[in-house]
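Have a look at the structure below, then the notes.
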Amino acid sequence: MTVEQGVEARLVPRTRRPEGEERRCGWCRNVLPAQESVGRPRLYCGQACRQRAYEQRSATAKAGLSADVVLVTRAELDGLQDRLYQLRCAIEDVQTLLTEKPTKAELERSLAELVRSTGRLDRLWLNGKAAG
């Protein structure tokens, strides 16, 4: 095993995926096409993503950081914390409502807000892509 293969092996855990679960590019997180041939599974959707991942690994190694370190801007971290707070509030609203005798409309409204908050978190990407 080469050094580069060892680094890639550490980046992508070798766990079996449940049937039907989609594989994602190790850089841009786009869904990878289904693998129709035998061999090593693809890690990246193309050469550009493979190159960006290599540059990232090189930069973190030069800075003396471990491979599992994730760097985000203060604005990105603040945005993530805001979304997590919204999700926590939505969960608490549903929990509170369940202790009462909610009407169907109240329950639907609270659950819709919970789903909306969850959906916003689901669209987050760690590589800097704008979230919807």
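In terms of modelled atom types and a separation under 3.5 Å, the side chain of Q35 and the main chain of R40 share a donor-acceptor contact. Within the 3.5 Å criterion, the main-chain N or O of T103 finds a donor-acceptor partner in the side chain of E106.
Separating the CG atom in L32 from the CZ atom in R24 is a distance of 9.0 Å, to the nearest 0.5 Å. Atoms CZ and CG, on R88 and D93 in that order, are 11.5 Å from each other to the nearest 0.5 Å. The distance from the SG atom of C49 to the CZ atom of R29 is 11.0 Å, given to the nearest 0.5 Å.
Looking at heavy atoms from C-beta onward, C45 lies in side-chain contact with C28 at the 4.5 angstrom threshold. Using a 4.5 Å cut-off on side-chain heavy atoms (C-beta onward), L77 and R74 make contact. Considering only heavy atoms from C-beta on, P41 comes within 4.5 Å of R23 through its side chain. The shortest side-chain heavy-atom distance between L114 and I91 falls under the 4.5 Å cut-off. R42 is listed as a side-chain neighbour of P33, based on a closest heavy-atom distance under 4.5 Å.
L87 and L107 fall within the same hydrophobic cluster, where Ile, Leu, Val, Met, Phe, Trp and Tyr residues are linked whenever their side-chain heavy atoms come under 4.5 Å apart, directly or through other members.
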Inset, instruction - Given side chain to side chain contact (heavy atoms under 4.5 Å, CB included), test R57 with E55 step by step and report yes or no. - result: CA-CA 5 Å; R57 289 191 307 271; E55 290 168 358; over 6 Å; no

Legend entry - side chain to side chain contact (heavy atoms under 4.5 Å, CB included) evaluation trace for L111 with V94: CA-CA 7 Å; L111 290 175; V94 170; 4.0 Å; yes

Inset, instruction - Test L80 against E76 for side chain to side chain contact (heavy atoms under 4.5 Å, CB included), laying out the working first. - result: CA-CA 6 Å; L80 178 59; E76 290 169 329; over 6 Å; no

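Minimum interatomic distance between Y44 and C25 (heavy atoms only, all atoms of both residues): CA-SG, 3.6 Å.
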